[in-house]
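For clarity, every value in this text was computed on a predicted model and none was experimentally measured.
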Amino acid sequence: MNYTKYFFFLLYLLFQTTIFAKDELSFSKDIKPILDNRCVTCHSCYNSPCQLKLSSFEGLIRGASKENIYANRLSAIEPTRLFVDATTEEQWREKDFFSVTKTFEDSSNSIMLELLEQKQKNPINKGDYSPETDELACVKNEAELKEYLEKNPHKAMPYGFPAISKKEHELLSSWLKAGKLVADKKDKITPFEKKQIKEFEEFFNNKAIKYQVTARYIYEHLFLAHLYFDKNSRNFFELVRSRTKTGEIEVIPTRFPYSEVKEPFYYRIKPIESTIVHKTHMVYELNDKKLKRYEDLFIKKKWLEKPHMPIFDTKVSANALKTFKQIPAKSRYEFLLDDIHYFIMTYIRGPVCKGQIALNVINDHFWIMFMDPNSDLAIKDEKYLNDNLVNLSIPNKYGQTPDLLETFTIVKNYQQAQIYFNNKNKIYKEYYPKGVSLDHLWKGNKNSNDSILTIYRHFDSASVHKGALGNIPKTMWVIDYPLLERLYYSLVAGFDIFGSTSHQFLVRKHMDRLRIEGETNFLEFFPKEVRKEYFNSWYKGWLAQRLSFYVPSENEPNINFKTKDYKEEFVDKLFKKLKISKDRINFIDKDYVAVKILENYSTKEQIEETFKTLTLPNNSKFIQYHTDDKTNLAYIRVELENGQDLIYTMVINRWHDNVALMFNEDSRLNPKKDRINFIEGFIGSYPNIFVKVKQKDLKEFFTIIYDYQDTKEEKEKILKYVINRAHPNFWEEYDWFTKKFEEQDKLHFGLFDLNRYHIKAIDNFR
């Protein structure tokens, strides 16, 4: 036997296998998992650095842009929504997006590959990293990249975090250098889902006028929803307007969901192709029951006017109260209440991604309740809405670039608000001469725990949760149908992230009115002589009180108060009436006695009792020293000696003397009144820090939170527990928290965003 030939034959097979393996690298199996676990954490929404979205193959091919979506601007810019405003690489190049994967002329490297390789060579992180606020270069060619890396050798990718593993790097490098960037997508839609899609598309595209108007109303409210038919399939879909009725979907891009489409279109249900990230993951279930509910609410009901398609003029269609007045208000309100957690979530997670523009208009912690459809006079009195339409307008009607005159109409808007409040107070007195009562509040959907929702603001992000989380908050809202619809169309359907600064200013200022409306609806449940006192306590400062108009009614509530602690007594009565459970950790009863930190902890109950004590006012020196916006949200892993883990989120609620002003927020903060909440599980989408503490170390950990001293020794103690962004095991810890979140809630699971992780890189682990 010729061993030489045999040897070379084996060598050839081996070489051929290697080449074949390289050619056979799969985007979905080999590359996408790396991008998801290491890149999508920062590159997935409008707040993605350089608009580089790596949550899909299309986003990778589209590349990056130097355009800053959040920049102040006199005029609106053209939208650049992935999968919507362009569909081919050539179209994105025409919109000034540049490739990050194309190889340079004199080398096999690309922008992406060079940034990854530089991190492998120089993995140390130094200084502060804040992708959303740092002045990023957004390099578009080899020369700009070289200049950037010469000045910032430690700022390669992943930005401000440890390098990806060598195995991950080699896979990415091989795939990128091969140059054959092809997606290998497969149709994963189940037969059941296809059947459901067909049924809903038939409903939405029914040519009967009632169906057409109903479809328009539902589409404008669900265009951001992640629809699902089967929670076990992990498939999510979106409702779009398409040029095609069947076959391939061709999305028709419009700036607003209520913008006119001047060609024939069809409502289609399209699979979501991007990786699911938690900050935009707002689930909404479609099933046979929901389809029947649509029929009952909209089709079978007699309408107030002869059904007709409303005009698409954005100056009119921006206000759904006017656009859809032909549909009974009760049907519209019940449609919203059926999935109220979703709709309130759209205000919080809507089209903004980076929400500081909208979120400095709300307090860090408050509860919201809703008027019952059978008690809300906007529902009961058919003339109520029509008589007040002028006073219920929203500034979004001026579009994405209001002129200077329109920008200053906010003063007129306040005059309209005063007229509306006076009209409202008068009609409520007529219908309810004895005043509003707890019976007028909505009792929630059956088995849904949604009669009260909790809002937590985490500086420039926020989250919404079912039930009454936390202790009794400073303020609360009661939302009725007119307020609910205007909130949605102002902050979601009519908010343009690509709009001018004047557009965003108008929306922000109008939100002041809507917030006060919700708060004053709540104050109507208090005796009239104390309402102004409560209101003024929420708006400290002469300027805040001057800008925060309030028109209290002369109506007394139909509630028998027995104490002078009106808010506390109201909450007690409300909880009993609506059968609401108290937050076992954060709700503080008057007779609660603080506990001491124990030497040893042996039970979950002991741990949570100490958490409870730490939530008391002035019971945490840690939050008095750490007051910046990057220390609001921590995920805590408690490693028990039995091998199990407990997961809690530490939420820091910053106290605002008022939220009536747009600027200089720091001057209105009062750290001495900040409070901590500890919630079992995960809260929010943007963790500021991961914390890991062993059961045997709980005494020291709790002592740090309780009696923190701003010394070098105390700072070093903290590093024993927090996972700093420069920690060599950072990605391992991130993967653990991500996996645990997925295990706990597969339906609502989405990847966390690390753009707001604590900025300081402390390289003291090596």
Report the C-alpha distance between Arg675 and His365 in whole Å, list the side-chain angles of each, state the deciding distance to 0.1 Å, and finish with yes or no for side-chain contact (heavy atoms from CB on, under 4.5 Å).
CA-CA 10 Å; Arg675 296 282 292 272; His365 172 230; over 6 Å; no
Evaluate the side-chain hydrogen bond (donor to acceptor under 3.5 Å, both in side chains) criterion for residues Asn360 and Arg508: first the C-alpha distance (whole Å), next the side-chain angles of each, then the deciding distance (0.1 Å), finally the verdict.
CA-CA 9 Å; Asn360 69 2; Arg508 164 61 177 81; 2.8 Å; yes
Between Ser274 and Lys53, does any side-chain donor sit less than 3.5 Å from a side-chain acceptor?
no
Mind checking whether Tyr489 and His221 have ring centres under 6.0 Å apart?
yes
Short side-chain donor-acceptor distance under 3.5 Å, Glu608 and Tyr648:
yes
After noting the C-alpha distance and the side-chain angles of Ile683 and Asn677, does the key distance pass the side-chain contact (heavy atoms from CB on, under 4.5 Å) rule?
CA-CA 11 Å; Ile683 294 287; Asn677 280 183; over 6 Å; no
Taking the side chain as every heavy atom from C-beta outward, state whether Ser685 and Asp753 have any atom pair closer than 4.5 Å.
no
Atom pair CE (Met282) and CG (Leu222), whose distance is rounded to the nearest 0.5 Å
10.5 Å
Is the positively charged end of Lys612 above the ring of Tyr592, judged by distance under 6.0 angstrom from the centroid and angle within 45° of the axis?
yes
Run the salt-bridge test on Arg668 and Asp657 with the 4.0 Å N-O cut-off and return the result as yes or no.
no
Do you see a donor-acceptor pair shorter than 3.5 Å between the side chains of Asn47 and Glu132?
yes
Determine whether His458 and Ser463 make a side-chain contact, defined as any pair of heavy atoms from C-beta on separated by less than 4.5 Å.
yes
Can you check whether Leu574 reaches Met369 side chain to side chain, under 4.5 Å on heavy atoms?
yes
Is the Phe370 ring parallel, tilted or perpendicular to the Trp442 ring (thresholds 30°, 60°)?
perpendicular
Given 3.5 Å as the limit, does a donor-acceptor pair link the side chain of Asn396 with the main chain of Val507, or not?
no
Pairing of Arg654 and Asp364 as salt bridge, 4.0 angstrom limit
no
Say you draw a straight line from CG of Leu514 to CG of Leu487; how long is it, rounded to the nearest 0.5 Å?
5.0 Å
Donor-acceptor pair, Asp372 side chain versus His440 backbone, under 3.5 Å?
no
Quick one, Phe702 and Thr613 - any side-chain contact, counting heavy atoms below 4.5 Å?
no
Please find the pair of heavy atoms, one from Trp538 and one from Leu523, that lie closest to each other, and give the distance.
CH2-CD2, 3.6 Å
Relative to each other, are the rings of His503 and Phe495 parallel, tilted or perpendicular (30° and 60° limits)?
tilted
OH-CG distance between Tyr342 and Leu336, expressed to the nearest 0.5 angstrom
10.5 Å
Hey, what do you get for CD1 (Ile452) to NZ (Lys443), rounding to the nearest 0.5 Å?
13.0 Å
Ion pair Lys424/Asp480, N-O distance below 4.0 Å:
yes
For the residue pair Tyr129 and Tyr159, categorise the inter-ring angle as parallel (less than 30°), tilted (30 to 60°) or perpendicular (more than 60°).
perpendicular
Mind checking the OG-NZ spacing from Ser451 to Lys466? Nearest 0.5 Å is all I need.
11.0 Å
Does His43 reach the side chain of Ser55, with side-chain heavy atoms less than 4.5 Å apart?
no
Close side-chain approach of Val638 and Asp645, heavy atoms under 4.5 Å
no
Between Glu485 and Tyr333, does the side-chain contact (heavy atoms from CB on, under 4.5 Å) criterion hold? Intermediate values first, please.
CA-CA 8 Å; Glu485 200 76 276; Tyr333 192 28; over 6 Å; no
Pi-cation contact, Phe223 with Arg81 (under 6.0 Å, within 45°)
no
Quick one, Gln400 and Ser500 - any side-chain contact, counting heavy atoms below 4.5 Å?
no
Working for side-chain contact (heavy atoms from CB on, under 4.5 Å), residues Phe587 and Phe575:
CA-CA 12 Å; Phe587 193 95; Phe575 279 23; 4.0 Å; yes
Does atom OH of Tyr420 have more than 12 heavy-atom neighbours, drawn from other residues, nucleotides or ligands, at distances under 6.0 Å?
yes
Answer yes or no: is there a side-chain heavy-atom contact under 4.5 Å between Glu733 and Lys692?
yes
Would you kindly check if the NZ (Lys) or CZ (Arg) of Arg725 is within the cone defined by 45 degrees around the ring axis of Tyr757 and under 6.0 Å from the six-membered ring centre?
no
Phe752-Tyr635 aromatic ring centre distance below 6.0 Å:
yes
Please report the interatomic distance CD1(Ile77) to CZ(Phe498), rounded to the nearest 0.5 Å.
6.0 Å
Using the rule given for salt bridge (Lys or Arg N to Asp or Glu O under 4.0 Å), can you reason through Glu743 versus Lys740, listing the C-alpha separation, both sets of side-chain angles and the distance that settles it, and then say yes or no?
CA-CA 5 Å; Glu743 289 174 359; Lys740 186 60 64 174; 3.4 Å; yes
Hey, would you say the Tyr347 and Phe343 ring centroids sit under 6.0 Å apart?
no
Throw together a table of side-chain donor-acceptor distances under 3.5 angstrom for residues 468-479, partners on residues two or more places apart or in other chains.
residue : atom : partner : partner atom : Å
Asn471  : OD1  : Ile588  : N            : 3.1
Lys474  : NZ   : Asn363  : OD1          : 3.2
Lys474  : NZ   : His656  : O            : 2.4

Are Trp367 and Phe570 an aromatic pair by the rule of ring centers under 6.0 Å?
no
When you compare the side chains of Glu533 and Tyr566, does any donor N or O come within less than 3.5 Å of an acceptor on the partner?
no
With side-chain hydrogen bond (donor to acceptor under 3.5 Å, both in side chains) as the criterion, how do Ser393 and Asn319 come out once you've worked through the C-alpha distance, each side chain's angles and the decisive distance to 0.1 Å?
CA-CA 6 Å; Ser393 63; Asn319 188 347; 5.8 Å; no
When the ring planes of Phe678 and Phe611 are compared, do they come out parallel, tilted or perpendicular, using 30° and 60° as the limits?
parallel
NZ/NE/NH1/NH2 to OD/OE distance under 4.0 Å, Glu568 and Lys590
no
Compute the ring centroids of His278 and Phe741, then answer whether they are less than 6.0 Å apart.
yes
